[in-house]
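Worksheet: the structure to be examined is printed underneath.
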Amino acid sequence: QLQASGGGLVQSGDSLRLVCAASGGSFNTYIMAWFRQGLGKEREFVAVVSRNSYFTSYADSMKGRFTISRDNAKKTVYLQMNSLNPEDTAVYYCSASSRAYASNWFRSPQIAHFDSWGQGTQVTVSS
C-alpha cells in the first residue's frame, strides 16, 4: 500500500516535497515512480528511481527542477519539486513496479509498467 502526502497550495517559484510511504511487502524490490494528472488531462510520467537509487529518470519538463529519491530503510520515496509553475498543478501519484530494470523502458515509463498506486496528493501552483 502506498500513501502519498505533502501536496498543497503554493505560489509560482515555490518548492514542495512530496512523500510516499509504503507499507507491507519488500519496498527495496520495487522500482518507484511519480506520475501526475492535471484536470482534464491524461496521467503522465514525472520521475522514476531504481531499487538501489543508482538510476533515475525524469520527464523532460521536470529535469533540473524535480529530484526523486528514496530511503529503503524507511520505505519511503520523495519528490523534491523546485521552481514550481502553474503548469505543475496536478494530482501527484506514487507508484511501484516489480519489473526488472531495463534502460529502454526506464527512460520513459508507462502506466502499464506499474503494479501499485497510491491515492494521490493535490499540488496547486498559483501564478
Side-chain angles (χ1 to χ4, degrees):
Q1 187 174 1
L2 302 173
Q3 181 76 31
S5 61
L9 173 62
V10 297
Q11 293 186 335
S12 186
D14 284 352
S15 298
L16 273 178
R17 188 177 79 154
L18 304 184
V19 180
C20 176
S23 60
S26 300
F27 180 75
N28 61 357
T29 66
Y30 291 92
I31 288 173
M32 299 299 296
W34 290 93
F35 285 73
R36 70 183 186 184
Q37 188 167 14
L39 189 62
K41 299 181 180 179
E42 294 186 353
R43 193 170 298 189
E44 63 175 349
F45 165 68
V46 174
V48 63
V49 59
S50 62
R51 293 172 175 84
N52 56 8
S53 300
Y54 193 77
F55 298 105
T56 58
S57 181
Y58 298 88
D60 287 343
S61 62
M62 289 71 164
K63 288 179 181 177
R65 299 191 301 125
F66 291 9
T67 303
I68 189 171
S69 61
R70 65 189 294 166
D71 185 332
N72 286 344
K74 295 182 178 180
K75 295 185 177 181
T76 303
V77 61
Y78 306 95
L79 185 67
Q80 178 66 43
M81 305 185 295
N82 299 329
S83 302
L84 286 163
N85 59 65
E87 289 69 39
D88 296 316
T89 295
V91 177
Y92 284 72
Y93 299 89
C94 61
S95 58
S97 175
S98 59
R99 289 173 66 98
Y101 171 84
S103 60
N104 57 347
W105 76 266
F106 194 84
R107 280 193 296 267
S108 183
Q110 305 298 310
I111 293 172
H113 294 149
F114 291 82
D115 314 301
S116 302
W117 294 84
Q119 86 290 358
T121 185
Q122 175 72 47
V123 172
T124 303
V125 185
S126 63
S127 57

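For this chain, numbers begin at 1 and follow the sequence in order. Quick note: numbers below take in every heavy atom, side chains included, and nothing from hydrogens, waters or symmetry partners.
- When every heavy atom of Asp88 is checked against every heavy atom of Tyr92, the shortest pair comes out as O-OH, 2.6 Å.
- Heavy atoms only, all atoms of each residue included: Asn82 and Ser15 are closest at OD1-OG, 2.9 Å.
- The aromatic ring centroids of Tyr58 and Phe66 lie 6.0 Å or more from each other.
- At a threshold of 4.5 Å between non-hydrogen side-chain atoms, the residues Val123 and Arg36 do not count as touching.
- For the pair Trp34/Val77, a side-chain contact is recorded, criterion being any heavy-atom separation below 4.5 Å from C-beta on.
- A 6.0 Å sphere centred on CD of Gln1 holds no more than 12 heavy atoms belonging to other residues, nucleotides or ligands.
- Taken to the nearest 0.5 Å, the OG atom of Ser95 stands 12.0 Å off from the OH atom of Tyr30.
- Within the model, atoms SG of Cys20 and CZ of Arg70 stand 10.0 Å from one another, a figure rounded to the nearest 0.5 Å.
- With hydrogens and angles ignored, the 3.5 Å screen pairs no side-chain donor or acceptor of Gln122 with any backbone N or O of Gly120.
- Between Phe35 and Phe114, the ring center distance clears the sub-6.0 Å criterion.
- Between Trp117 and Arg43, the closest side-chain pair of non-hydrogen atoms falls below 4.5 Å.
- One finds the OG atom of Ser26 at 7.0 Å from the NZ atom of Lys75 (value rounded to the nearest 0.5 Å).
- Using a 4.5 Å cut-off on side-chain heavy atoms (C-beta onward), Ser12 and Pro86 make contact.
- A pairwise comparison of heavy atoms in Arg51 and Ser98 identifies NH2-O, 3.3 Å as the closest pair.
- Taken from NZ in Lys41 to CD in Glu87, the straight-line distance is 7.0 Å, to the nearest 0.5 Å.
- Among the candidates Leu16, Val46, Thr67, Ile68, the single residue satisfying the side chain to side chain contact (heavy atoms under 4.5 Å, CB included) test with Met81 is Leu16.
- Looking at heavy atoms from C-beta onward, Ile31 lies out of side-chain contact with His113 at the 4.5 angstrom threshold.
- Contact of the Val125 side chain with the Asp14 side chain is not registered, since no non-hydrogen atoms from C-beta on lie closer than 4.5 Å.
- To the nearest 0.5 Å, atoms CZ (Arg65) and CG (Leu84) are separated by 6.5 Å.
- The closest side-chain heavy-atom distance from Glu42 to Ile111 is not below 4.5 Å.
- Annotation: side chain of Phe27 is not in contact with side chain of Thr76 (no heavy-atom distance under 4.5 Å).
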Candidate pair Gln3 and Ser5, rule side chain to side chain donor-acceptor pair (under 3.5 Å), full reasoning = CA-CA 7 Å; Gln3 181 76 31; Ser5 61; over 6 Å; no
